[in-house]
Asker: 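Dumping the structure here so I can ask a few things about it.
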Amino acid sequence: MIDALYGAIESGLIYAIMALGVYISFRILDFPDLTVDGSFVTGGAVAAVMIVGGSNPLIATLSGALAGMIAGFLTGILHTKGNINPLLAGILMMIALYSINLRIMGQPNIPMLNEVTVFTTLSSWLTGLDNVLIKPFELLGIAAYAPSTFYVLTSMFIIILIVKKLLDFFLRTEAGITLRATGDNQSMVRSFSTNTNLYIVLGMGLSNMLVALSGAMVVQYNGFADVNLGVGMIIIGLASVIIGEVLFGKDKIVRMTLAVVLGSIAYRIIYSLALQIDFLEASDMKLITALIVISALVVPNWLDKNKAKREFKKSKKLALKRQQGKEVQHASVK
Amino acid sequence: MLQLNNIHKTFYPNTPDERRALQNVSQELNSGDFVTIIGSNGAGKSTLLNMLAGSLLPDEGEVWIDGKNVTALPEEKRAKFIGRVFQNPLTGTAPGMTIEENMMISLGRTNRRSVWKGITKKTREQFREHLSTLEIGLENRLNSKVGLLSGGERQALSLLMATFTEPKILLLDEHTAALDPSKESLIINLTKDLVEKQQLTTVMVTHQMDQALELGNRLWMMDEGEIIFEADDENKQDLTVPDLLKEFENVRGKRMASDRALLAK
Ligand SMILES: Nc1ncnc2c1ncn2[C@@H]1O[C@H](COP(=O)(O)OP(=O)(O)O)[C@@H](O)[C@H]1O
Ligand SMILES: [Mg+2]
């Protein structure tokens, strides 16, 4: 149970990079980008093939991210230059990437069990970390509740911190502000002589770069790459973004990126809790994820409408009362 | 400075829906001229402004700005030297961004965007200074989301954003029409101040004749795609609202008479 919790936090942190990518496309650019299901695997495929081929895992991971960025650029170009609607552009790219990913991998599944990965590299840099970090747990007498190893948690924590800080920094530069404004009011940005198409393409590249980076980390964490790893990834990303917004969201960019990371962890915890229920199986998770997203989209609307209805009824009642009051007055005058 | 040569624009030509939005419009503005345009709905006022801004291409004719033929120059490029404010206060600003971030976007007209630098202290001071000229306290709310501002405040910000990088031409299309009367006079006064201070060449469409008379040194009256009446400097100063109404009736009457003549044939 306790291991499941730490596992959830670990994968929450890894998938958070993907969720940040989805946040950029869906929320910042207002571009519902389905490339994600494909580019996530592209990142994993490139990293896996390079690692199995003996490359340095850091370089393999970054190459995976770059491959995803190119996919994102292409989706952006399909939309801006090809005038294809965002949903369709993303779906086309996703389908195309399925074949491309198979080409990259050469087979549907690449095992990478005893390979040197980012995680093994980082833990070799951090040797002795477990012995140090277990100390507080021992002092408190709760060593049984400590994670079996701190390496993955620590490496992921460091990586996500770097990614979040870089993203926060970029989104507040002049280019980052322009990117956000493009999603907010494109025609206004264009009216100040700015090439908004360029920003959309750049933003889609950035978004899918993060998605692919996450995919590259996931295959190393899982110990295998699979061509179907990305199925439904967009919905998981969206669920993380929405859960994050609902639970931890605030206006400021710095707070929003934090909320997305926490939302991703929260999603993974919900996931592992759901798996504890005997009745549910791992394959049901896609359904549950879809239900989470649907309710997160529908419930707030529904609450608003109900509130409006109640207020309407109230105002009608008030008006009625007032009228009755007037009639009473009239009667008494007579 | 600004020249329109024989501009024609027809929407849906050769169909039952054909609309002659502009017919044979030729005009010239000198640097610093401020022209107000009045005319009934559908007269072609917005179409004329779209021509100047490059959002529409003329079927015939040329647009010259500062000695250059810009007829084929796309809107985005022309925006480098043309500032614009629309009727809807939601058009000219990004609601989810802060006031200073919106101001940053308007700098795009003159500056390249940096990937390393955010809004610096110096730029922020500059923004604050410009915003304080509006005298509505926006300089103290640099980090407020623009979506939280009232329509009048948003329009004042749009106006400032359209002008503070000193464009060659300012285009205003009924930019006070969506505001309530008190806000309307605020924006009109701001317009007057900003244009005067920078000696901006300005084209302003308005639905209010008194505004059209009060502001600017020139006036055009449009109807059915034509400029049917114009007044410059001294002529304009003596002009009154009844004069304008009479002028309008006059042309309308002639039109109706000729229509009747056509029907009678
Ligand atoms: N984009 C367009 N497509 C088709 N018809 C248009 C378009 N823009 C304007 N028109 C037509 O052109 C004429 C002039 O419109 P417009 O310039 O908007 O008038 P105004 O601003 O003076 O009210 C109207 O008959 C209008 O219906
Ligand atoms: Mg109009």
Asker: Step through the shown structure and confirm whether more than 12 heavy atoms of other residues, nucleotides or ligands are within 6.0 Å of CG on A:N306.
Answerer: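 For A:N306, atom CG is crowded (more than 12 foreign heavy atoms under 6.0 Å).
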Asker: Using non-hydrogen atoms only, which part of A:S191 is less than 4.5 Å away from chain B: side chain, backbone, both, or neither?
Answerer: backbone
Asker: How about residues 88-95 of chain B versus chain A: which residues have heavy atoms under 4.5 Å apart?
Answerer: B:L90, B:T91, B:G92, B:T93, B:A94, B:P95
Asker: Residues of residues 76-86 of chain B under 4.5 Å from chain A (heavy atom pairs)?
Answerer: B:E76, B:K77, B:A79, B:K80
Asker: For chain A, which candidate among B:P74, B:S114, B:G108, B:A53 shows the most heavy-atom pairs at distances under 4.5 Å?
Answerer: B:S114
Asker: Can you check whether anything in residues 118-134 of chain B gets within less than 4.5 Å of chain A, heavy-atom wise, and list it by number?
Answerer: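 The stretch touches chain A at B:G118, B:I119.
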Asker: Can you list the residues of residues 167-189 of chain A that sit under 4.5 Å from chain B, counting heavy atoms only?
Answerer: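 Under the 4.5 Å heavy-atom cut-off, A:F169, A:F170, A:R172, A:T173, A:E174, A:A175, A:I177, A:T178, A:R180, A:A181, A:D184, A:N185, A:M188, A:V189 qualify.
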Asker: Relative to chain A, which of B:I105, B:L107, B:N143 shows the most heavy atom pairs under 4.5 Å?
Answerer: B:I105
Asker: Heavy-atom pairs under 4.5 Å with chain A: which of B:K117, B:R109, B:K145 has the most?
Answerer: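 Among B:K117, B:R109, B:K145, the one with the most close pairs to chain A is B:K117.
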Asker: Let me know if B:M97 has heavy atoms under 4.5 Å from chain A in its side chain, its backbone, both or neither.
Answerer: both
Asker: Can you see which heavy atom on B:M161 is nearest to which on A:F192, and at what distance?
Answerer: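 Here B:M161 and A:F192 meet closest at O-CE2, 3.5 Å.
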Asker: With a 4.5 angstrom heavy-atom cut-off, which part of B:E75 approaches chain A: side chain, backbone, both or neither?
Answerer: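 The answer is neither part of B:E75.
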Asker: If you look at every heavy atom in A:Y199 and B:R113, which pair is closest and at what distance?
Answerer: OH-CB, 3.4 Å
Asker: Heavy-atom pairs under 4.5 Å with chain A: which of B:G96, B:S106, B:S55, B:S158 has the most?
Answerer: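 Heavy-atom pair counts peak at B:S106.
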